Every structure is written in structure tokens, then in C-alpha cells.
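Here's the structure, in C-alpha cells; my notes come after.
Keep in mind that this is a model prediction, so the values were computed, not measured. Numbers restart at 1 for each chain; the letters A, B, ... are given by sequence-line order, proteins then strands.
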Amino acid sequence: MPELPEVETVRRGLAPHLDGARLVEVEQRRPDLRFPFPDDFAARLRGARIGVLTRRAKYLLAPLDTGETLVAHLGMTGRFTIEEGGGPDTPGLFHHAAGADPKHTHVVLTTDRGVCVSYNDARRFGYMTLIPTAQLGMSPYFKGLGPEPLDERFAPATLIHAFAGRRQSVKATLLDQRVVAGLGNIYVCEALHRARLHPERAAGEIGVAEIKRLVLAIRTVLSEAIAAGGSTLRDYRSADGALGYFQHAFKVYGREDDPCVSPRCSGVVQRIVQGGRSSFFCGRCQR
DNA sequence: CCCACGACCTGTGGGC
DNA sequence: TGCCCACAGGTCGTGG
């Protein structure tokens, strides 16, 4: 799935088409994604005007003039695609979800500007819901979320506090959205490499100087990834169909058995499994 | 409370 | 070529 940089890239691609637009048609093609759609989902969206699209963690948020906010999570394979000047199934239309199988297009929004925005999700780990805007912060989706890593409120003190006494690995701790919001498997691996921290280190045993390196590494890798339009491995594309290219800047992710690219490091990238997910790291410069 | 693990789905790529 | 298994960017629920 898209992690924070990919979701942010999708938001930036959708915003020019959706900010301030009215939804004139909403098509919901199945009763559920990961969870059932809320009751009368399409009817509650139809006719609504969207305010300014935002992002929190890996969620996209579209506030509506009905008092509700459309909340969308892309799961692993969720993709929003913009299709201008024709319906979602118009033959010959350019980038028909840019390679996505149309049988997995589950929601199609049409705006008063003649733009179709379709949601395609092969694995259906994503979901959409509607929450009263005034209650967003107290909703179960957002209540426990940690700080945005690119917000100044995310600081060494955040992790010093979260790591204290924690025996869980630093890898698993950073994947915990209650600690810091928006990181996923790729960017945790990349940030730990930049901070020269071994993914199996217990969070509680990481020192203050190391935490400072880690906070900087997280900020840097996310900022660079957003600037590159995210990472495209297989499914991910931005809303306008563009490929991200940050994957070319990976230093460890997906590079098992390749040489470590750190200056003056002669190590080799290895892969281990932690909590059922692959961790890539260099055992020589990450300690 | 903490943590590890299976479950949820479908597609793809590698090895044989 | 074809089949089968491992694995994939994320969470959520369960059970120890």
C-alpha cells in the first residue's frame, strides 16, 4: 500500500479536480471493501460539495458541505484515478486506471466539472466511510493516531517518550501508527538504514543521540519520497496515472544480497522477517 | 497491557 | 508452457 508519501502524492493529484467540486454522480459497485460501505453511502455523497482535500496518516479526507467527511484508506492496492472527459469505462480513454483491471473498480465519482474519479482496489484492503466532520478527531480511525512525522510536533521527545521501557523492536514500534502516523514497511526500513539502526534493536534501548538521528532520517526520507512522487513497486500510481520514482532511491528495501551503498561500508543488504514482514538492512553499518 | 500471529483478498513472479 | 508456492506498500482481531 501506499504509505504516507504515496497517499500524499495521490492527494496532490486529486486536489485540483476535487477541491471545491460538487459530486453529481456516485456509483458504488459492491457492498463492501475491507468493511461494508456505510448505509446509503452513494446517496449521502451525491450532490455534496467537497471542500479542501487533506491527508492524515495514510487516510485521505474529503470534507463535504453536508457536515460529513469522506474518509478513504487505500489499503495495499487502492488506487484513485482521474479520467477527464468521459465515463470510467469509455473505450479508448487514456490511462484506464493506468493498467488496473476494471473489474476491481469499486467506486466512481463524477463531478460537476465533468471529471470522473474512480477507485480501484484488487485486494480490497482499503475502505471508505463517512464521519461527521465535527467528530473526526474522536472517531476510532483518528483518536489514537500518533503525530504526523513531517509536523514539528514530531520531535526527538516524541520517540524518547514512546520508546521508553519498550522491549519491542524499533522496527515494529515505528510501524505502530499510535507512535508516529504514516510510516509503513518501506520507509521504516529506509529510515532505519539512514539512522544506522538495526531493526531488531529493542526500542527502549535506543539512546537519545540515536533517536535524534532517527527523527531526522524519518523526516528526510519522507520528504524526499514525496518530492519524487512516491514509490511505484507494482500497483501504486498517482491519481493522474504517473509513476513515482523514489523506488530508485531505495538503499535497502528490496535489495537483498546487494552491496550496502553507505559510504565506506562494505556490508551486504540482508532480509529477515519480523512480525511476518520483511526487514531489509545492512548488518554492518546498522547496529 | 504487550506482543506474535493469522486473517482478510487477489495478483505476480520465480523456481521447478 | 504450466503449476505451485512465496510474497506483496496494511491493519485488525485473537489468544498466549
Do other residues, nucleotides or ligands put more than 12 heavy atoms under 6.0 Å from [X] [atom1]?
{"X": "A:R284", "atom1": "CZ", "answer": "no"}
{"X": "A:R113", "atom1": "CZ", "answer": "yes"}
{"X": "A:F35", "atom1": "CZ", "answer": "yes"}
{"X": "A:E224", "atom1": "CD", "answer": "yes"}

Any base atoms under 4.0 Å from A:G184, or only sugar-phosphate, or nothing? Heavy atoms, all strands.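 Here A:G184 touches the backbone only, sparing every base.
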A:R167 near the nucleic acid: base, sugar-phosphate alone, or nothing, with a heavy-atom cut-off under 4.0 Å?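 Contact class for A:R167: sugar-phosphate only.
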Take the protein atom [atom1] of [X] and the nucleotide atom [atom2] of [N], then report the distance between them rounded to whole Å.
{"X": "A:D121", "N": "B:dC8", "atom1": "CG", "atom2": "P", "result": "17 Å"}
{"X": "A:D176", "N": "C:dT11", "atom1": "CG", "atom2": "C1'", "result": "11 Å"}
{"X": "A:L183", "N": "C:dG9", "atom1": "CG", "atom2": "P", "result": "14 Å"}
{"X": "A:E200", "N": "B:dC3", "atom1": "CD", "atom2": "P", "result": "15 Å"}
{"X": "A:L175", "N": "C:dT11", "atom1": "CG", "atom2": "C1'", "result": "11 Å"}
{"X": "A:I272", "N": "B:dA4", "atom1": "CD1", "atom2": "P", "result": "12 Å"}
{"X": "A:R30", "N": "B:dC8", "atom1": "CZ", "atom2": "P", "result": "15 Å"}
{"X": "A:L33", "N": "B:dT10", "atom1": "CG", "atom2": "P", "result": "12 Å"}

Below the 4.0 Å mark, does [N] have OP1 or OP2 next to a side-chain nitrogen or oxygen of [X]?
{"X": "A:T77", "N": "B:dT10", "result": "no"}
{"X": "A:R277", "N": "C:dT11", "result": "no"}
{"X": "A:Q177", "N": "C:dT11", "result": "yes"}
{"X": "A:Q168", "N": "B:dC2", "result": "no"}

Output field: ring centroids [X]/[Y] closer than 6.0 Å:
{"X": "A:Y59", "Y": "A:F142", "value": "yes"}
{"X": "A:H193", "Y": "A:F281", "value": "no"}
{"X": "A:Y127", "Y": "A:Y141", "value": "yes"}

A:R178 or A:G275, whichever maps to the more 5' nucleotide of DNA chain B: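 Whichever sits nearer the 5' end wins; that is A:R178.
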Is [X] salt-bridged to [Y], cutoff N-O under 4.0 Å?
{"X": "A:E210", "Y": "A:R196", "answer": "no"}
{"X": "A:E148", "Y": "A:R55", "answer": "yes"}
{"X": "A:R123", "Y": "A:D121", "answer": "no"}
{"X": "A:R12", "Y": "A:D240", "answer": "no"}

List the steps, then state whether side-chain contact (heavy atoms from CB on, under 4.5 Å) holds for A:T9 with A:V7. CA-CA 5 Å; A:T9 301; A:V7 179; over 6 Å; no
Consider the side chain of [X], meaning its heavy atoms from C-beta on, and name the nucleotide among [options] that approaches it most closely.
{"X": "A:R124", "options": "C:dT11, B:dT10, C:dA8", "answer": "B:dT10"}
{"X": "A:K58", "options": "B:dC3, C:dG9, C:dG10", "answer": "C:dG10"}
{"X": "A:E3", "options": "C:dT11, C:dA8, C:dG9", "answer": "C:dG9"}

Taking the [atom1] atom in each of [N] and [M], what is the distance between them to the nearest angstrom?
{"N": "B:dC5", "M": "C:dC7", "atom1": "P", "answer": "14 Å"}
{"N": "C:dG9", "M": "B:dG14", "atom1": "P", "answer": "16 Å"}
{"N": "B:dC9", "M": "C:dT14", "atom1": "P", "answer": "15 Å"}

Anything under 3.5 Å between a protein N or O and an N or O of nucleotides 12-16 of chain C, put it in a table, one pair a line.
residue, atom, partner, partner atom, Å
C:dC12, O4', A:R34, NH2, 2.7

Duplex segments of DNA chain B, taken as runs of at least three Watson-Crick or G-U pairs that stay under 3.5 Å: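 If one scans DNA chain B for consecutive Watson-Crick or G-U pairs, the stems found are B:2-8 with C:10-16, B:10-16 with C:2-8.
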Please work out which of the three classes, parallel, tilted or perpendicular, describes the rings of A:F37 and A:F41, given edges at 30° and 60°.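 The rings of A:F41 and A:F37 sit tilted, inter-plane angle from 30° to 60°.
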With the stacking rule set at 5.5 Å and 30°, tell me whether A:F125 counts as stacking on B:dC8.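 Stacked: centres under 5.5 Å apart, planes under 30°.
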First encountered from the 5' end of DNA chain C, between A:R271 and A:N185: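 That would be A:R271.
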When you compare the protein's N or O atoms with those of nucleotides 11-14 of chain B, which come within less than 3.5 Å of each other, and at what distance?
residue, atom, partner, partner atom, Å
B:dG11, OP1, A:K103, NZ, 3.3
B:dG11, OP1, A:H104, NE2, 2.8

